[in-house]
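Each chain gets a letter, A, B and so on, in the order its sequence line appears, and its residues count up from 1. No hydrogens, no waters, no symmetry mates; every other heavy atom, side chains included, goes into these values.
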Amino acid sequence: MKLGVLIKDGPYMHQAMDSAYNFITAALEMGQEVEVFLYNDGVYNTCNFMDPPRDERHIANLLAELQTKGVRMVVCVAAGKRRGIVTNTVCSAGEISGLGQLLELCITSDRLVTF
Amino acid sequence: MKLGVLIKDGPYMHQAMDSAYNFITAALEMGQEVEVFLYNDGVYNTCNFMDPPRDERHIANLLAELQTKGVRMVVCVAAGKRRGIVTNTVCSAGEISGLGQLLELCITSDRLVTF
Amino acid sequence: MLHIIKKSPYESTALSDFLKYLKENDIVLLTEDAVYAAKKGGKFEENIKGILKSNAVFCLMADTKARGISDAEIIENIKLIDYKGFVDKVIEQNPITWA
Amino acid sequence: MLHIIKKSPYESTALSDFLKYLKENDIVLLTEDAVYAAKKGGKFEENIKGILKSNAVFCLMADTKARGISDAEIIENIKLIDYKGFVDKVIEQNPITWA
Amino acid sequence: MEEQEKTKVMFLCRKAPYGTIFEQEAIEAMVMFGAYEQDISVTFMDDGVFSLKKGQDPSLLGKKNFSKTYMILKDDFEISHLYVEKESLEERGLTEDDLITEVEILDRGALRKKMDEMKAFIPF
Amino acid sequence: MEEQEKTKVMFLCRKAPYGTIFEQEAIEAMVMFGAYEQDISVTFMDDGVFSLKKGQDPSLLGKKNFSKTYMILKDDFEISHLYVEKESLEERGLTEDDLITEVEILDRGALRKKMDEMKAFIPF
């Protein structure tokens, strides 16, 4: 099954990305396919400059880990530009693209779940 | 009178920075002194890479305008590092410093108002 | 004390939360989405009228205009103010923001 | 339909908002700060018990453990699940998130 | 037959305008989705119904009046349906006359039936 | 006399832990403020009282258990007072025994009197 995941909140501030990370990890272990779309403040999760304390989880690195496991992570270009998540600031796991990709995800996934 | 302004929300997502901008502009016109501390997601307001549509307000530029009017804007270093607002990404209006500056603001201002 | 409310009363409990700390001579300021509480005919009209019996309630005009709430739609005795009025209120009383 | 709730019922109206759309066979999943609704002795115990009469209510264990809500403190008949159980529920029914 | 192959997606607009960016970024998505010839519905419930209120003027906030876009969503952007929840309007003291554009006002029961047909929800 | 010159600041902790970062970043500020020899109070009310609940274990979320810091705020970080609102505890079915550290439990009337003495509030 293909699961679409929509993330609308930024890192650390809200639990959304943490919940999504745990959900996606579980889904991958169960053999499901996952694709992520980052919208609204969700684009901040891909900021390449985040540098949390060493004993704290590094959310952009968690995204990189998901990417190595085959999860595509699309960053909304409009939401990203407005907030400063652009080519110069996005982490390697984030793929900047348009809102059409969110509709594509609605079409191609079996379920869309929002965090 | 010196007014301290604490901003805890990021740009665009919430109205906080817009309300604070209008409040500060009014206070300056009334001859008050204002100093700002950006905490939590509030640090995102100083992201130098934001690039909103041309017909939309540019929040980092609004901060620059306030700075030219003599408003000091301190960005919390801990909240900033966690979110990727650091030397490479902060706009010129933002001055990165520690949480002690927020307490200093409580001491030196006549009022502290949170947006 | 100046109580600043900024969330819609329909989605947040901020309006009932701050009420527990309202005392005589306190001022209430409705801003941002909280201005929906000031609209006649809404679910919170009686709550606001209750507050008005004992305390002054102000409402930020820029926020009511933005949301299409005309002056005639605002509950009687609520005073509309602009951002300079907001600054005045902060100078008058110690502000506390209920988000 | 799978109703996913993530805000605390004490500060958000999400718990009452989604209820209006609850139908038989729907599943309810309490996650993040919404797990406080699953705690015995709280203000929303009766609301949850009412939902349990007609619908299955699940609660994310990682979120109750994080918040120090022991299994014994959780209202009877609420089922604790892990993230794999969360995935199962999403596969079972179309999810809608009430934030 | 072709009609049945379209993907049914519903925007759920539950937040008031201007206090957050949700309305604005939801509209950006609606406009984009409309171009893809799928079956897109937009539902306003809870505080989302305030987004349709007539007479909005956010110029003092330095913002644009997004509500005007709702008037052209169906004709210019091929959004299939604009639904408004009747109970949410009533609770807020709003009537059909207060709304900026023509919409289908449905009660919760009718709205839930529409929701049951959807493949995916985009909640704001 | 010197006591009177200290600035009185109160943290208002009104949010539940883990769902947002507010508790964590509030603690970072408390720890820092304590070092400046002012008069700092911390008040837990509304969902903030959940931050003091015993037995928290957020390891499954990949997060740290911040609640333990409250145990050393007064002794190690010179925070003057930890107040908890009695009514908020009751509404949530919590008692003094559920709390991770010793605090002053005050009702709203008493708490409001403390608030009247403050120069500034840092709300979370």
Side-chain angles (χ1 to χ4, degrees), chain B residues 5-30 34 36 38-69 71 73 83-85 91 93 113-115, chain E residues 11-36 42-73 76-77 79 88 92 94 100-101 121-124:
Chain B
V5 171
L6 173 60
I7 295 166
K8 300 169 72 262
D9 285 322
Y12 305 109
M13 186 68 219
H14 293 94
Q15 203 189 325
M17 188 65 236
D18 298 301
S19 298
Y21 168 78
N22 285 317
F23 176 89
I24 294 166
T25 303
L28 295 174
E29 281 175 22
M30 293 163 75
V34 180
V36 175
L38 299 148
Y39 198 37
N40 300 135
D41 272 6
V43 300
Y44 284 132
N45 290 293
T46 62
C47 180
N48 200 33
F49 289 89
M50 66 174 75
D51 182 19
R54 270 160 192 266
D55 58 348
E56 199 172 322
R57 71 210 183 285
H58 187 302
I59 287 185
N61 287 354
L62 296 182
L63 296 195
E65 176 203 317
L66 293 178
Q67 193 198 29
T68 64
K69 292 180 180 168
V71 178
M73 271 164 291
R83 290 170 180 80
I85 300 300
C91 69
V113 57
T114 301
F115 283 89
Chain E
F11 285 89
L12 283 177
C13 300
R14 301 181 51 240
K15 304 291 178 195
Y18 308 114
T20 61
I21 203 173
F22 288 124
E23 183 205 18
Q24 181 185 353
E25 293 198 322
I27 289 175
E28 288 176 3
M30 291 168 198
V31 164
M32 202 60 84
F33 279 27
Y36 284 74
V42 177
T43 297
F44 299 88
M45 58 168 73
D46 301 323
D47 275 354
V49 303
F50 283 130
S51 297
L52 294 168
K53 193 172 188 312
K54 274 182 194 162
Q56 297 175 32
D57 176 13
S59 54
L60 287 173
L61 306 181
K63 296 187 182 189
K64 285 185 292 186
N65 181 356
F66 303 104
S67 64
K68 293 189 172 168
T69 313
Y70 296 122
M71 301 167 76
I72 55 170
L73 270 184
D76 292 9
F77 294 104
I79 295 294
S88 293
R92 287 160 184 79
L94 297 174
I100 194 170
T101 187
F121 299 96
I122 315 279
F124 284 96

S.K.: Tell me whether the count of non-hydrogen atoms from other residues, nucleotides or ligands lying under 6.0 Å of NZ in E/K54 goes above 12.
M.R.: yes

S.K.: Measure across E/F22 and B/M13 and return the closest heavy-atom pair with its distance rounded to 0.1 Å.
M.R.: CZ-CE, 2.8 Å

S.K.: For E/Q24, is it the side chain, the backbone, both, or neither that has a heavy atom closer than 4.5 Å to a heavy atom of chain B?
M.R.: side chain

S.K.: Heavy atoms only: give me the nearest B/N22-E/L61 pair and the separation to one decimal.
M.R.: ND2-CA, 4.2 Å

S.K.: Measure B/D55 against the heavy atoms of chain E and call it side chain, backbone, both or neither at under 4.5 Å.
M.R.: both

S.K.: Please lay out, stage by stage, how B/E56 and E/K63 fare under the test side-chain contact (heavy atoms from CB on, under 4.5 Å).
M.R.: CA-CA 7 Å; B/E56 199 172 322; E/K63 296 187 182 189; over 6 Å; no

S.K.: Can you confirm whether B/Q15 sits close enough to E/T20 that some side-chain heavy atom of one is under 4.5 Å from a side-chain heavy atom of the other?
M.R.: no

